[in-house]
Amino acid sequence: MSEKLDIVVQGGIWPSTNRTLYYYKSLPFVENVILSTWNGEKYIDTIDWPRVILNDYPECRGIGNMNCQITSSQAGLAECTSP
């Protein structure tokens, strides 16, 4: 595989988030891993990662947090540089 891709991890932060980010980065076809999460996340100070985007929650979170997922995903995708 000649071109690598970027991965966006979006949503809340959990105790295992760092491990997940490092795992994705270790995959041979991955160029960048971007974490797009929320201001005020409980475990934010446990994150040891260079590409973190902190978002404000949308005014209306939507059914099943749909607007949160859209907001965070769009912010992460805007940082992607892979083709």
For residues 73-83, please give each side-chain donor-acceptor pair under 3.5 Å, one per line with the distance, not counting sequence neighbours.
unit_1	atom_1	unit_2	atom_2	d
S73	OG	Q69	O	2.8
T81	OG1	N32	ND2	3.3
S82	OG	D6	N	3.1

Residues 58-65 side chain polar contacts: donor-acceptor under 3.5 Å, at least two apart:
none

Inset, instruction - If you link ILVMFWY side chains whenever their heavy atoms are less than 4.5 Å apart, which other residues fall into the same cluster as M66? By chain and number, please. - result: I70
Legend entry - Residues that N67 engages under side-chain hydrogen bond (donor to acceptor under 3.5 Å, both in side chains), provided they are two or more places apart: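 For N67 there are no side-chain hydrogen bond (donor to acceptor under 3.5 Å, both in side chains) partners, ignoring immediate neighbours.
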Legend entry - Under the side-chain hydrogen bond (donor to acceptor under 3.5 Å, both in side chains) test, residues paired with S36 that sit two or more places apart: N55, S72
Inset, instruction - Could I get the full list of ring-ring contact (aromatic ring centres under 6.0 Å, His included) partners for Y22, not counting sequence neighbours? - result: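 Y22: ring-ring contact (aromatic ring centres under 6.0 Å, His included) contacts with W49.
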Legend entry - Qualifying residues under side-chain contact (heavy atoms from CB on, under 4.5 Å), relative to Y43, sequence neighbours excluded: I13, P15, T46
Inset, instruction - Return the set of residues passing side-chain contact (heavy atoms from CB on, under 4.5 Å) with N39 (not counting sequence neighbours), or none when no residue passes. - result: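 side-chain contact (heavy atoms from CB on, under 4.5 Å) check on N39 returns L54, D56.
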Legend entry - Other residues, nucleotides, ligands: >12 heavy atoms within 6.0 Å of K25 NZ: yes
Quick one: ring pair (Phe, Tyr, Trp, His ring centres under 6.0 Å) pairs with a partner in [range], sequence neighbours left out?
{"range": "residues 51-83", "answer": "W38-Y57"}
{"range": "residues 64-83", "answer": "none"}
{"range": "residues 63-83", "answer": "none"}

Legend entry - ILVMFWY network linking L27 to L5, side-chain heavy atoms under 4.5 angstrom: yes
